[in-house]
Structures are given as C-alpha cells and as structure tokens.
Amino acid sequence: MRYQKPKGTADILPGESEKWQYVESVAQNVFSRYRFSEIRTPIFESYEVFERSSGDTSDIVSKEMYDFKDKGDRHIALRPEGTAGVVRAYVENKLYGPEYQRPYKVWYKGPMFRYERPQSGRQRQFHQIGLEAFGSDSPELDVEIISVGLNFLNELGVHNLKVAINTLGDPESRENYHKALVDYFTPFKDQLSDDSKVRLEKNPLRILDSKDENDKKFVADAPSILDYLNDASKERFEYLKSLLDDLDINYVVDPTMVRGLDYYNHTIFEFMVTDPAFNNKEITVLAGGRYNGLVEELGGKSEPGIGFGLGMERLMLLLKDEDIHVENNLDVYLVTIGDSAERASVKILSNLRRAGFSADKDYLQRKTKAQFKTADRLNAKYTVTIGDAELENDTANVKNMATGEQVSVSLENLAEELKKIEG
RNA sequence: GCGGUAUUGGUGAAGUGGUUAACACAUCGGUUUGUGGUACCGACACACGUGGGUUCGAUUCCCACAUACCGCCCCA
C-alpha cells in the first residue's frame, strides 16, 4: 500500500455514507421543527477567532489546534469546534440587528479538526452536529435547547440517556467560587497531581474534572458551586430545574461537571450514555451550555448565547443497524442479450431513469445468467430482458424478481407499462 | 506528548528461519444454445505494513518508522 490516509482521518464509504445521510436528515427534520436554520461557515478561520473564544489556557488552543500560515502570511486554524465560527459569523453579519427575529437560531454540521491521539470515536478530523441560539437569556430557551437535543437522539433510537446538568452561575458567582476553590486546594497543592497543580494556577474548576484517583479524594470534599451562587443565579437554576420537571425530563445535577472551554456560564449540560460500543463505559455524546460573554468577546454587543455540539463518530457507534432506515432500492435491472440489445440499452435505461425509476445494467459483457445473478444480488424489483427477438417485435420481458413471474410488454412504452405493473 | 497491543489475499484468518504460504467466505468462469437458488468443477498473494539489521537464508529473530486499536492527557 503506497498511500494511506493521514493519521486520524477516515474514509466514509458507500454503505456507511447512507447512515450519515440518514442521521443528518433526521437532524435537519427535528431542528427545523424547533425553527433552527442551517448555517454553513468556513472550515478554517483566523487563528485568533479560536484563541479568543476558547481561552488560551485551554488544551484545544495550546496543543490541539491545526494551525498554519497561508501564502499571504495569515495565521489560519482549522476549526476545532463549531461555536466560535458561528459566533464570528453572527457578529460579522450583524445578525443581532433589529431586523432579525430573536432568538436567532441556527444549526450546523461538518468536519472539525483536533491534533490528538486517535481512539475509538475520536479522530483528528471528526464531525459534529450542533446548534446555537443568540439573543435571549431566558431559561425557557435553555430548556428548549436541552429538549431539542434529547428529541433528536430519541428519534434516532438512542435511549437510556443520562442528562446531567450543572450551573456555573453568573460571572460574580463564578468568581466567588473560583476563589473558594483556590482557597480549598492550595493547602493540598503538593499532594495534587502534576496536571492539577497547573490547573490550580490557570483554571481551578478543571481540577473537579480530574481522573486522578488521588485528586478525586480531595475533590470529594471540595466546595460545591451550588453553595456559591448568588441569589439570582440560584433562582435561575431552580427555575430551570422546574421547567425540566414540567417536561418530564429526567436529569441529575452534577456539581463537578465543568467545561473545557472558558466561555461558558450559567447552564451547562451533557448527555451521557453507557453502551457496549464503548465497553459499557459512560461516555458523553452531546454537550453544551450557555455562553453569555462570547459574542462580546468576539467583538459584538453583549449578547447571550447558548448551544450544544454532538460528536457524529460517537453517535454512529451508538446507532444499531436496525435504528438506521436506509433503503437501497433498485427498480429495474436491465438484462441485455447480444450487441443490438447492448446498444439499445443505453436509450432504454435513459428513458427509465427519466421516468423516475432507478435502473442499472451490466457493463462487463457478462452472460445472461450472470446478469440475473447480479440483479438478484442488487435486490432489483424487476429485470427487463432485451434480445434480438424483443427488439424485432418491440417487446420487453419484465420479470418480477420476488414472484418470478414474467410478462411481455411493449418496449416502446416500457416506462408506462412498468408503472401499470407497479400499480 | 506518554504507555500497551497489533499489522499475512477483496474479507475472516492458519502458519514456518530454508523446496508449491493452510482453510473458509466473497468474487469471477464453467457444468453444451437467453434467466436468479443449491450442488459440483476451476481460477484467484508483483508475496506476509515500510525501511534497515542479524543470518548461508527471514514472512518468521532484532531495531526504527508508519498506521490501527486500547489506556493517560483532553474532549464530542
């Protein structure tokens, strides 16, 4: 093998691509019911867009970004996630203007890039489906976002989802909590893992997310964000929970849940699932939250926003074949016998297709028997056999492959005849 | 970036330091003239990821690299 695809990339081949199309069509469907429109933004952006939005302490910026200088010496990065580009587009196109209905609701799908070690459901070029809503700080909208995600996954047949929610509070609450964490962890600093020592300096919230067993002991007794919310933030969170109750959405509050990206505040959430595809370990398939400071951070007015992203590769692993509705229907397989029929087949096929049938034929000059074999294997509904005799009499033999019944019809009106047979 | 395991045909795979690299599936062809299944017969590895090394000789041993999978980090 001479060439191979770059590490961490995948070819999505026919057979698999139909599944992707199916998932994307369900997304399109569900999201438009919630009145989200598709937005398509560039796959690469100015490096600063991501640096600015994700925060330069985040791993995404510090070590996972695919960035390069283009021929014009611009610092470019392949998008590592979807939100930053959408926010940039929102600001650049002045979509916060009074002529636009708010909240401004969009969804996107497409490839993202992160320079990391490939693993099951994780690749360097991976794909996300996500959505964002701008211009409303309403908790009702938070719940709508959670519910559209849930709806989407349920429609695909993914059940047993665990919905975990948390709040990071408003900036004031977050600031207070930040201090409390530093005060709490600093005395144990020497006993923390090396990673967490760094986190203590840069982003103490991330310590809560540590997988280190020793760290976990300290995390267990760490102060909870829920105790540091100011009244407004607390009230908001309580209201949010009651809205989820109204919708009969089962959720758990996970006060240790944090976010890898810096721009979140208030509501954050993750949908987790435990599945054999991941060795029965709990993995996150969808995650999102509110980011009220981000639009301003990228040069817009102070505008609230909320959204989520979900990983396609992980989702595809969760979907069972029977969940995926893929039809591969071949209406007609044309069997030709002899050179005249071979020649006539070009026009016959063309007419059938124009009449709306999916139709195909053999292009390898194979024997009749082999052609029927192929028709069988392709699961053709009908075969149409043409030979010298048929061409002379202007007839065609139409065989119903399921019943084996064969009838002779007018070749001239083949498409019409087939429609009649179809009923 | 760190650690572990793996890498043989279209697919699943067996196997050995040395004449023809099992077996199965798939595919193609045939079993007398233009019809799908089954059965039977036949065909099907420029050679065992790439590059070095050890050896009289390596697909089998050693090293490096690449890729895949798993774990850490991080994340969807």
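Computation of the quantities below employed the complete heavy-atom set of this structure, encompassing side-chain atoms and omitting hydrogens, waters and symmetry-equivalent molecules. Labels below follow one simple rule: chain letters A, B, ... track the order of the sequence lines, proteins then strands, and each chain is numbered from 1.
B:U16 makes up no base pair with any nucleotide shown, lacking Watson-Crick or G-U wobble contacts both under 3.5 Å. Remark: B:U31 base-pairs with B:A39; criterion is Watson-Crick or G-U wobble with both hydrogen-bond distances under 3.5 Å. Taking a pair to require two hydrogen-bonding distances under 3.5 Å in either a Watson-Crick or a G-U wobble arrangement, B:U67 pairs with B:A6. Using Watson-Crick or G-U wobble geometry with both donor-acceptor distances under 3.5 Å, B:C73 finds no partner in any strand shown.
When the P atom is used for both B:U16 and B:G49, the distance is 16 Å, rounded to whole Å. Nucleotides B:G12 and B:G18 are separated by 29 Å at their C1' atoms, to the nearest Å. B:G10 sits 33 Å from B:C62 when the C1' atoms are compared, rounded to a whole Å. Straight-line distance between the C1' atoms of B:A21 and B:G15: roughly 8 Å, to the nearest whole Å. Taking atom P in both B:U54 and B:C46, the straight-line distance is 29 Å, to the nearest Å. For the C1' atom pair drawn from B:U67 and B:A76, the interatomic distance equals 24 Å after rounding to whole Å. The separation of B:C44 from B:G37, taken at their C1' atoms, amounts to 24 Å, rounded to a whole angstrom. To the nearest whole angstrom, the two P atoms, one in B:C48 and one in B:U8, are 11 Å apart.
Note on A:Gly404: a base of the nucleic acid sits closer than 4.0 angstrom, heavy atoms only. Within 4.0 Å (heavy atoms only), A:Gly82 reaches no atom of the nucleic acid at all. Within 4.0 Å (heavy atoms only), A:Thr284 reaches sugar-phosphate atoms of the nucleic acid but no base atom. Counting any heavy atom pair closer than 4.0 Å across all strands shown, A:Ile337 reaches a base atom. Across all strands shown, A:Arg122 has heavy atoms under 4.0 Å from base atoms, whether or not it also approaches the sugar-phosphate. Among the heavy atoms of the strands lying under 4.0 Å from A:Ala287 are primed sugar atoms or P, OP1, OP2 only; no base atom is included. Nucleic acid contact class of A:Phe308 (heavy atoms, under 4.0 Å, all strands): none.
Taking only side-chain atoms of A:Arg377, from C-beta outward, the nucleotide of B:C28, B:A76, B:C73 with the closest atom is B:C28. Ranking B:C2, B:A68, B:G34 by closeness to the A:Arg117 side chain, first place goes to B:C2. Here the nucleotide nearest the side chain of A:Gln128, chosen from B:A76, B:C69, B:G29, is B:A76. Comparing atom distances between the A:Phe372 side chain and each of B:C28, B:G36, B:U67 picks out B:G36 as nearest. Checking B:G34, B:G36, B:C69 against every side-chain atom of A:Lys373, the shortest atom distance belongs to B:G36. Among B:C73, B:G34, B:U31, the nucleotide with an atom closest to any side-chain atom of A:Lys369 is B:U31. Listed candidates were B:A76, B:G34, B:C73. Nearest to the side chain of A:Gln119 is B:C73.
With hydrogens and angles left out, the side chain of A:Gln406 and the base of B:U35 share a donor-acceptor pair within 3.5 Å. Applying the 3.5 Å distance criterion, the base of B:U35 shares a donor-acceptor pair with the side chain of A:Lys399. The base of B:G1 has none of its N or O atoms less than 3.5 Å from a complementary donor or acceptor on the side chain of A:Glu64. Looking at A:Arg114, its side chain comes within 3.5 Å of the base of B:A76 through a donor and an acceptor atom. Residue-to-nucleotide contacts include no donor-acceptor pair under 3.5 Å from the side chain of A:Gln123 to the base of B:A76.
Ion pairing between a basic and an acidic side chain is recognised when a charged N comes within 4.0 Å of a carboxylate O; A:Lys162 and A:Asp254 show no such pairing. Here A:Lys381 pairs with A:Glu422 in a salt bridge; the nearest charged N to carboxylate O distance falls below 4.0 Å. At a threshold of 4.0 Å, the pair A:Glu48-A:Arg74 does not count as salt-bridged, since none of the basic side-chain nitrogens sits closer than that to a carboxylate oxygen.
Nearer the 5' end of RNA chain B, as judged by each residue's closest nucleotide, is the contact made by A:Thr9, out of A:Thr9 and A:Gly288.
The distance from atom CD of A:Gln371 to atom P of B:G29 is 10 Å, rounded to the nearest whole Å. Regarding A:Glu313, its CD atom lies at a distance of 11 Å from the P atom of B:C69, rounded to whole Å.
The aromatic rings of A:Phe269 and A:Phe308 sit perpendicular to each other, their planes meeting at more than 60°, with 30° as the lower class boundary. Taking the six-membered ring where tryptophan is involved, the planes of A:His75 and A:Tyr47 are essentially parallel, since the angle between them stays under 30° and well short of 60°.
Between A:Leu226 and A:Val253 there is a side-chain heavy-atom pair separated by less than 4.5 Å.
Around the CG atom of A:Asp339, the shell of radius 6.0 Å holds no more than 12 heavy atoms that belong to other residues, nucleotides or ligands.
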